[in-house]
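Below you'll find the structure, written out as C-alpha cells, and then a few comments.
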Number of protein chains: 2
Amino acid sequence: MEEQQAEAKDATDKQVLKNDPDQDAPSGHPPPLDESDIDFLVPGRVEELRGSRPGDARVRIVHPSHPEFRRVKSGVVEATEAAYTPHSRLGQAVSLLKRILIGVPIATSRAEKERLTKFKALAVLSSDAISSVAYATEAILINLVAGGSQHLGLTLPISLVIIGLLIIVATSYRQTIPAYPNGGGSYIVAKENLGTLAGLVAAAALLIDYVLNVAVSISAGVQNLASLFGALAPYVVPIDIALVALMMILNLRGVRESGTIFALPTYFFIISALLLIIIGLFKAFVLHQQPVIGEYAQVAAIEPLSVFLILRSFATGCSAMTGVEAISNGVPAFQKPETRNASITLTWMAVILGTLFLGITLLATTYHVEASVTGNPTVIAQIAKLVFTGPLVFMFPVFQLATLGILTLSAETSYADFPRLASLLARDSFIPHFFGFRGDRLAFSVGIVFLSVLASLLLLVFQGNTNALINLFAVGVFMSFTLSQSGMVRHWWRLRATDKGWRRSMIINGTGAVTTLLVALVISSTKFLAGAWIVVLLIPLLVLLFSGIHRHYQRVERERTSDISIYPEHIHHRFIVPIEGLDRAAIQSLAYARSLSPHVTAVHVAVDTDEANRVRAAWNEWQEHLKEAEETHLLIIESPYRSLRPPLLAYIDTVHELHPDDTLTVILPEFVVGHWWEYFLHNQMAFRLKAALLFRPGIVVTDVPQHLDDRPRQ
Amino acid sequence: MEEQQAEAKDATDKQVLKNDPDQDAPSGHPPPLDESDIDFLVPGRVEELRGSRPGDARVRIVHPSHPEFRRVKSGVVEATEAAYTPHSRLGQAVSLLKRILIGVPIATSRAEKERLTKFKALAVLSSDAISSVAYATEAILINLVAGGSQHLGLTLPISLVIIGLLIIVATSYRQTIPAYPNGGGSYIVAKENLGTLAGLVAAAALLIDYVLNVAVSISAGVQNLASLFGALAPYVVPIDIALVALMMILNLRGVRESGTIFALPTYFFIISALLLIIIGLFKAFVLHQQPVIGEYAQVAAIEPLSVFLILRSFATGCSAMTGVEAISNGVPAFQKPETRNASITLTWMAVILGTLFLGITLLATTYHVEASVTGNPTVIAQIAKLVFTGPLVFMFPVFQLATLGILTLSAETSYADFPRLASLLARDSFIPHFFGFRGDRLAFSVGIVFLSVLASLLLLVFQGNTNALINLFAVGVFMSFTLSQSGMVRHWWRLRATDKGWRRSMIINGTGAVTTLLVALVISSTKFLAGAWIVVLLIPLLVLLFSGIHRHYQRVERERTSDISIYPEHIHHRFIVPIEGLDRAAIQSLAYARSLSPHVTAVHVAVDTDEANRVRAAWNEWQEHLKEAEETHLLIIESPYRSLRPPLLAYIDTVHELHPDDTLTVILPEFVVGHWWEYFLHNQMAFRLKAALLFRPGIVVTDVPQHLDDRPRQ
C-alpha cells in the first residue's frame, strides 16, 4: 500500500512535468483522466502546489470518485457527463424528468444537420400553408354572411383572387431562393437590403404571426375534433393547451426525427382532401344529387353588401397564404442541389395549396354550406358530412382526424421558424442573448418554450376561438411579405451590373411587393377594429423594444471591452464585518478578513445599551488575540428605532463616501442550515443586506458560509 | 475657502485625539456629530487613516449631507433618524405608506408603559369576555333546537350552570393575581409549576383560541350589522376581512391610544344591554305584553332530547367564558396597587358578564326567540327588535351598533395577548425569534400580522359563519384554564410552608381545575365531530413544532457559542475567478483576487473550441501584466453539453476536495444595471452559481459588483 502510493506519486510528478506547456494530447479522443493528472486542475508550478498540500494520500482517495474532467491539453480540460450530474436529490429528480420528457443531452460534437428530400421537405415546410385551407374558406364565409346569405356565392370569386395572389407571391419567392441559398427569411432579406429598421419590422411582424399561427392552427384543429366528437366541445381550451405542450416537448427533443413524423399526416390530409373534392364535385356536377346539395339557410343581412365587406372577406381569406415563405427560409435544409429542390418544392406547394383551396371553396358554394358563428361544426366538417354519405360515411371521421393532424403539425412551421428567427435576433443583440443558447438537445429551448407560453396565453384569452384569433392573423404575414419582396427589388437593383436577368427579376419581385403591400393595407384597414389594431400597435412597440435592448447590449459591450488599467498594487482594501456578537460566525468572519487585510472594522448594531455593553465587554476580552500591527476595531452603533439594517447600510455608505478610493468589502456570515424550513428561524439579515448592497456601486460583498449542520451534503 | 479647510482640519485632529479612549460624552444627550468627529466612524489610529486618504477636502464636502450618526462615546455611535431614511424611491414610497398607516417610528427610549385605571382596564381587558354574551345564548339555542322547539326552555338552566362555572373560574383566577403580579398567563403558570410540556400545551391552546376569538368576534359583530342592514348580507366576508385589517393597523400603531378608544364602546354596550334587559323584562313580567311575547315557532325534533344534546348545548354556551383570564394576564398594566385593582376589576367583570348573560338568556326564553340557522338575524337582534318597539324603536339600530362595536373590540383582547404570548415563546426559543422583535411603534409587529392573516383565513374558510367557527372555540380556553389552575394548585402546595392560607387557596384552585377539566372534556367530546377535533389535533402538532424549533435553536446556539480557535495566519487562501473572457469584469475581479492572494485560478467554460482558443489567446497577451511571483493561471473547461454552470460547480467541488484545508473563495462579477428589466438581458449565471455554492460547506463567495451604468444612485 505504502509502496503503491510512493509509486503513484513518482508517476504523478513525471506526468505533470511531461504535461508542461504545448505537449498536447492527440485531438479527437482526449485521454481519460488518470491519477497522475490531478494537478492540471490547478495549473501552476508543480513544486508550489506540492508544498501547500502535505498529505498526498488524501488526493488519491478523493480522486477516483470524481471522474468529472478529462484532460485535453495543458490548461484545458473537458467536462465529462459526470460533471453535469446534479448532486442534490431534487436536482436529480428534475434531471430525470427532463430526460424522460426531452431525452438524453446531446454533445455539441454530435450535432448533425438532417437534409430533407423534396418529399419530406414538402411535408415539413408546407404543412402550415396547406393546412390553411382548413379554415380559409370558412373565414371568408363568416364575414360575407353579414351581407345576407344571398351573397355567399361571392366566396368563389374572392377565392380566385386569393389564388391569383398566391401565384404572384410564390413566383416572387422563387426569386429569393437562388439569391439567398442560406435561407432568405424576411428579416435577413429586409435587413440586408433595406436596413435594420425594415429588418426589425419584418422580424416583429413574423414573430407575432408565428405565435398566432400556433394558436390558430391548434384551435382550428381542435374545433374540427369537436365537430367530430361533440362531447369534447366544452374541453376545447384544455385540449388546445395540451396539444401546445405536446408540440413543445416534441420540439425540445429536437427536430431530428421530425421529417418522418411529418410526412405521414401531411400527405394523408392532401389525399383525403383531394378525395373529398373529387367525390363532392362528382356528386354535385355529375350525379346532380339534389337531396344532398341543399340551399343556403336564409340569413338576413345585418349590413348592406359593400365593397368594404367584400374586402374584409378577402382580407380574412388571405390567411390561406400564411406559411408560403417557409420554403424559401428553409433552403439549407434541402438535399443538394438545394436551390433547385427548394424551387421545385415551392411550385408543388403552391399548386397543391391552390387546388385544395379552390376545390373546398367550390364545394362550399355548391353545397351551400354556411359558417357557424361558434366555429362548431366547421365548414369543412359540414362539407365532409354532406359528401361522405352512404358507403363512404366512414370517411367523415377519417377526414376530420386528417384535418386535426395537419393543423397540429402546421403549428410546427412556427416551432421551426420562431426559435430560429429569435436566435438570429439574439445573435444580433436585439433580444436577450439566451434566445440563442442551444439546449440539451441542441434546439433553441428558450424560443420553443416562449412560443408555447405565448400561444397558450392567446388560446386562453380567446377561449380557443379560431374566428376571433384569425382577425389578428395575416397582417404580419403580408407586412413581412412586402418588406421581403421590396428587399429583393433592392437586391436586384444592386446586382444590375452583374446579373443580366436583373430587370425581369426586379419586375417579378416588384409586382409581389406592390401586391402584398396592397393586401397588407386592405387587411389592416378592414380588420383594424376586429383585432388587427393589436398587431398594428404591437409591431412598432416590439421594434422599440428590440432597439432598446440593442442599445443596452451595445452600451454593455462598450463598457465591458473598454480598456481598464487596474493593478492589484493600487487596490487599498478596507473590510467591514457586521457581527451579532463574538460568536463563532463573527470569529470566523473576522479571521477571514484579518487574513486578507489589516484594516478590519467589526460593526455591531445594538438595540439597547445592555446589549452594546455586553458586546463591548466580550470584544475587550477577545481583543488580546489581535496583533500589535492590526487595525481591527469594533464600532457599536446604537439603533434607537431597533431595526438593524438601515443603520448598517448608512454606516457602509458613509465609510464608502469618506474613503471613495478604497475598495470596501463587507463580510457577511451566511447561515446555512440543513433543512429549508430552518431558514425561517434565522432572520435573513445577510440576505436582505446583500440585496441592498447590490445596488451600491463599488462595494464588494463576501459571504462566509456558516454551516450549522454536519449533515452530509445531499 | 482654503483657509477654512485648513482650520477645520486642525480642529478635526484635535477633536479625534481628544476623543480617544474613555473620554465619554455626557450620557442622555449625545452631542450632535460635527465635522471634527468624522473619523470615529472608522475607529483606529488617526495617523494611519489620515495617511490613507490624501484629499481631506472631500470628506468635508461629503459630510454635511450625511448626519446619520451621533457620537456617543469612543467606539460607540447612535444612528439618527436620517440613517433610517430609505434612499430608493420605492423605499421612500413604502416608508411613506407605512408612516401614514402605522405612524412615525418611536425610539426605544421613548417607550412608555401606559397604566390603566380600573375603569379603563375593565374596558380593555373585559371586552372579550363581556362581548361573548352577544353570541353565547344563540349558541345554546341552535344546539338545543335539534331536540325540538318544545325543549328550548332548557336554555335557562344551562345558562345558570355556566354562570356557576363563571363564579368558580373567576374565584380561581383571583388567586392567580396576587401570586403572579407580573402577569400570570397560563403559559407562565403552567410552565413554572407543571413543566415545559404543560406550558407549551397551554400556549398552543391559547394561541389557537386567540385566533378563533378574532374570527368569532368579528364574524358575530358583522352578522349583527347584517341583521340591521339586510343589504350587507352578501358582503359579510369582505367586511369581516376589512375589519381584521383595520384591527391590524390600529394595533401596529401601538396600544398607546387604545385605552380611551376602548372605554367608550364597552360601556356603551354594557349600558345598552342593561337597558335591553330591564325594558324587556319589564314588558314581559310587569306589562305582560302578550302581542309582543310570541310563542316558539314549531320546529320538529331531528334527534331525541338526550343528555348528550344538553351537554353539547352547554359546551357551546361555554364560549361565554372566553376571555375571563385576560385580567389576570394583564396585572402589570394596572395602576398601583396593581393586584388589588386587578382583583376588583375581575370581580366587576364577572358580575357584569354574569348579569348580562343571564338577562339575555331570560329574554330569549321569555320572548321565545329561536336561533336562525344562517345566523342572520342573530338572537340578540331578534330580542332587541321585539323589545325596542313603539317610541323606543330608535334603540334597535343603536343596540346593534353597540354590539358590533364591542364584538370588534373584543378581538382586541386577542390582539393584546397573542403577540405578547408569541413574544414570550420567541424569547424562550419555541417559535421563530422574529416574533419577539418590536416594530416601528414598539408593538410586536410579526405577531399582530400573523394573527390577522390566520384570522382572515379562518373567516374565508368558514365564510364568516359564527356558529360554525364557535364549534372550534372554547376547547382551547378550557384546556388552558385547567392547566393554569392545576399549576396554581402545585404553586400553593410548594408554598405550604410559608403561606398560611395555602390550604384554602389550593382548594379554590383545585375546584377550578377539576371543574374546567370536566368542561374541557365535555366540550371536546360533544363537539368533537363538529370541529373540536381540529383543535384537539392541532395542539399536539403545535407542541411538536415548538419543540422542534427549540431543539434547532439550541443546536444553533451550541454551535454558535462553541469555542473556535481560528487564526488569520492559519488560513491559506485559494481564489477561483470564473471569467467570461478577458473583459473589464474579469480584469477587475482578477485584480481584486490578485491583490489578496497569489493563488488565483481564472476559469473559463468554453462552449466550443473556437471560443476556448480566443480566450486563451487573449489571456496569453494579457499575461505579461502578471508578476514573476504570481501563481495566476487560466484553466479552460470545454463543455460538450453547452451548459456553463455544472462544469464550473464540478470544478469548484474538485478543487475543494483536492485542497480541503485551503479556504476557497470564488469571485463572481455581479452585473448591476440601471433598470430592473435589464436583468433579463444578462443571464444571471452569478446568481445561480451563488445559489448552488451556498449549500457547499466551506466555500466563500465574493461578489464584485460591475456597475454597467453611471446613473446616479436612486
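Labels below follow one simple rule: chain letters A, B, ... track the order of the sequence lines, proteins then strands, and each chain is numbered from 1.
Note that OH of A:Y84 and CG of B:L649 are 11.5 Å apart. Values are rounded to the nearest 0.5 Å. Interatomic distance, A:T702 OG1 to B:L596 CG, rounded to the nearest 0.5 Å: 8.5 Å. Rounding to the nearest 0.5 Å gives a distance of 8.5 Å between CD1 of A:I571 and CD of B:Q588. Atom-to-atom distance recorded for B:T665:OG1 and A:D703:CG is 10.5 Å, nearest 0.5 angstrom.
Judged purely by atom type and a 3.5 angstrom limit, B:R642 uses its side chain to pair as donor or acceptor with the backbone of A:R438.
Shortest non-hydrogen contact noted between B:P705 and A:I699 is CG-O, 3.1 Å.
Contact tally against chain A (heavy-atom pairs below 4.5 Å) for B:H570, B:H604, B:E569: the top residue is B:E569. Interface summary for chain A: among B:S429, B:A606, B:P640, B:A612, the most heavy-atom pairs under 4.5 angstrom belong to B:P640. If you tally non-hydrogen atom pairs under 4.5 Å between each of B:I637, B:D608, B:V704 and chain A, the highest count goes to B:I637. The most heavy-atom pairs under 4.5 Å with chain A, out of B:A585, B:G581, B:S643, come from B:S643.
Only the side chain of A:T663 comes within less than 4.5 Å of a heavy atom in chain B; its backbone stays farther off.
Legend: salt bridge (charged side-chain N to carboxylate O under 4.0 Å, His left out) pairs involving residues 589-604 of chain B, not counting sequence neighbours, sorted by first then second residue: B:R594-B:E630.
Under the rule for a side-chain hydrogen bond (donor to acceptor under 3.5 Å, both in side chains), the partners of A:S595 that lie at least two apart in sequence or sit in another chain are B:H573.
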